[in-house]
Amino acid sequence: MEGTMALPGVDSLEVQKKYISLIKEKNTVYENENGRKRLACVITFGCQMNAHDSEKLLGMLCEMGYGSTDKEQDADFIIYNTCCVRENAENRVYGNLGYLKHKKAEKPDMKIALCGCMMQQPTALETIRQKYRHVDIVFGTFNLYRLPELLYTNIESGSPVFDIWDRHGEIAEDLPSIRKYRFKASVNIMYGCNNFCSYCIVPYVRGRERSRTPEDILCEVRRLADDGVKEVTLLGQNVNSYGRGLEQKTSFAELLRLINGVDGIERIRFMTSHPKDLSDELISAMAECKKVCRHIHLPVQAGCNAILEKMNRHYTKEKYLETVYKIKKAMPDCAVTTDIMVGFPGEGDRETDDTIDVIKKARFSGAFTFIYSRRTGTPAAVMEDQVSEEQAKRSFNRVLEALNPIIYELNTQKIGSVFDVLAEEVSSGDASFITGRTDDNSLVHFKGGRELIGSFVRVKITECKTFYLIGERI
Ligand code: 5AD
Ligand code: SF4
């Protein structure tokens, strides 16, 4: 099966069920002969959207009779769910593939699949075809649900299977999924992006914006609640434009109110919000819905108006700050976090000064900071005034120097306060501690046993670091 499908969306999940059972038969034979299941390992690069797609891949793999492992060296089937937002994520995939070439020479039965955003780019695809011939299966962002068919075709034919679609079909509802946590889950509310920020590859690899219907979303959230889920995170590239294009128009604020009414769900989070579309209606819904967490991730990217315009962000520094002030006025305890990019074409010290000014005024509780990465095919890639690495690194350090003391100071103010923390896992640094999150998304470590995982624990904050809090159960 080679080439690009012209008309996606005609085949249904029913067809995949047939392939699921055919592969399951093979895996059962293997298990009986070898005394162990075949193991699959899914490695995720990039954002929460990809992490959630990987949960769906794992769901299908489980139905096909695979066991799962986190260790690549133990796996019989390795899938890289790739990202292409920045170049270093792509380089890591190529690096890993180089390593797997040797592994596959030792273990010829091993299967390797690549999927996700990077595969939607023709140049990356060509590189895989030419230089990484040990890859068995390649698919993209629009046809993830066809994994069983593609795998079966590869097993039967013994040759590589490439199946990349250039646009979306129908939204595939009801895919099985294996959640990383039993008590919290992500829910896609929309796919794709229409914003075309000039630096960003996402609209080219994830397609146009399309929203799931409120009925489908509510049905999924109710099912999750029945399954013991207490916290849902609603996912979309720009949740604030949710509902455009639906037959029965529903705004994101309305959707939040609907989900707020689902019994069993105790916390609702969402990401990401585009500042240009954040409405007063949404701020009121957040303030009024008890289950909606006091946290909003609102990527600012830059503070200089000329840069924001070149980025095609459709807001000014002043408008952004006005939005942040409105949020804080309606919900004084609401954490605002952000994404910041430095080194965009034309950004010198003066432009970075504006970003630092926003940081000081918005007082972010946290931020992901990135150095601009030139993405072929985006308008920014051909802008003339690309910035030197040295200049970008200087801006990066200046931005961190502005951010960190503010984050630390906001954390310090929490010492002595009591929070309900949803206990998530045993702390990686010390097994006698549990790590969880507050309503405002602060990370908290406290002494406790694994029996607490999945429950809300009252914790008094006793100490703080820049990126986390330490507390004790009360
Ligand atoms: N270079 C660096 N960072 C990028 N982002 C998106 N595209 C690029 C790029 N070309 C960042 C933005 C976005 C986050 C998800 O990734 O800050 O908000
Ligand atoms: Fe990329 Fe902008 Fe869309 Fe976010 S809103 S995915 S940064 S184009």
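What you see below is based on every heavy atom in this structure, not just the backbone, and it leaves out hydrogens, waters and symmetry mates.
- Inter-residue side-chain proximity for Phe45 and Asn96 is flagged as met; some heavy-atom pair is nearer than 4.5 Å.
- Counting only N and O atoms by type, the side chains of Lys56 and Asn81 include no donor and acceptor under 3.5 Å apart.
- Between His295 and the options Asp439, Thr337, Asp440, a side chain to side chain donor-acceptor pair (under 3.5 Å) holds for only Thr337.
- Heavy-atom minimum distance, Val221 versus Ile259: CG1-CG2, 4.0 Å.
- Counting heavy atoms from C-beta outward, His314 and Asn312 have side chains that approach closer than 4.5 Å.
- Side-chain N/O atoms of Glu90 and Gln121 include a donor and acceptor closer than 3.5 Å.
- For the pair His134 (side chain) and Leu97 (backbone), a donor-acceptor distance under 3.5 Å is present.
- Taking 4.5 Å as the limit, some side-chain heavy atom of Arg313 sits within range of a side-chain heavy atom of Gln301.
- If you check the side chains of Tyr181 and Glu231, you find no donor sitting under 3.5 Å from an acceptor.
- Without hydrogens or angle criteria, Thr355 side chain to Ala302 main chain gives no donor-acceptor distance under 3.5 Å.
- Aromatic rings of Phe396 and Phe370 (six-membered ring for Trp) have centroids beyond the 6.0 Å cut-off, not under it.
- Using modelled atom types, one finds a donor on one side chain and an acceptor on the other under 3.5 Å when comparing Lys111 with Asn154.
- Between Phe77 and Tyr66, the two ring planes are tilted [angle within 30° to 60°].
- In this structure, Val93 and Met118 have side chains that are in contact, with non-hydrogen atoms separated by less than 4.5 Å.
- In this structure, a donor-acceptor pair under 3.5 Å is present between the side chains of Glu209 and Ser241.
- Side-chain atoms of Phe162 and Ile128, non-hydrogen and from C-beta on, do get closer than 4.5 Å to each other.
- Put simply, the side chain of Pro345 does not reach to within 4.5 Å of the side chain of Glu384, judged on heavy atoms.
- In this structure, Val202 and Cys197 have side chains that are not in contact, with every pair of non-hydrogen atoms separated by 4.5 Å or more.
- Side-chain contact between Pro214 and Tyr242 is present, with at least one heavy-atom pair separated by less than 4.5 Å.
- In the model, Ser427 has a side-chain atom that pairs as donor or acceptor with a side-chain atom of Thr435 under 3.5 Å.
- Only one option out of Asp109, Asp136, Asp76 pairs with Lys104 in a salt bridge (charged side-chain N to carboxylate O under 4.0 Å, His left out); it is Asp136.
- Contact check on Arg38 versus Glu31 returns no salt bridge, with no Lys/Arg side-chain nitrogen under 4.0 Å from an Asp/Glu carboxylate oxygen.
- Within a 6.0 Å radius of NZ in Lys107, more than 12 heavy atoms belonging to other residues, nucleotides or ligands are found.
- Between Tyr132 and Tyr94, the ring center distance clears the sub-6.0 Å criterion.
- Using modelled atom types, one side-chain atom of Arg133 and one backbone atom of Gln130 make a donor-acceptor pair closer than 3.5 Å.
- Summarising the geometry of Arg208 relative to Cys193, their closest heavy-atom pair is NH2-O, 3.0 Å, with the distance given to 0.1 Å.
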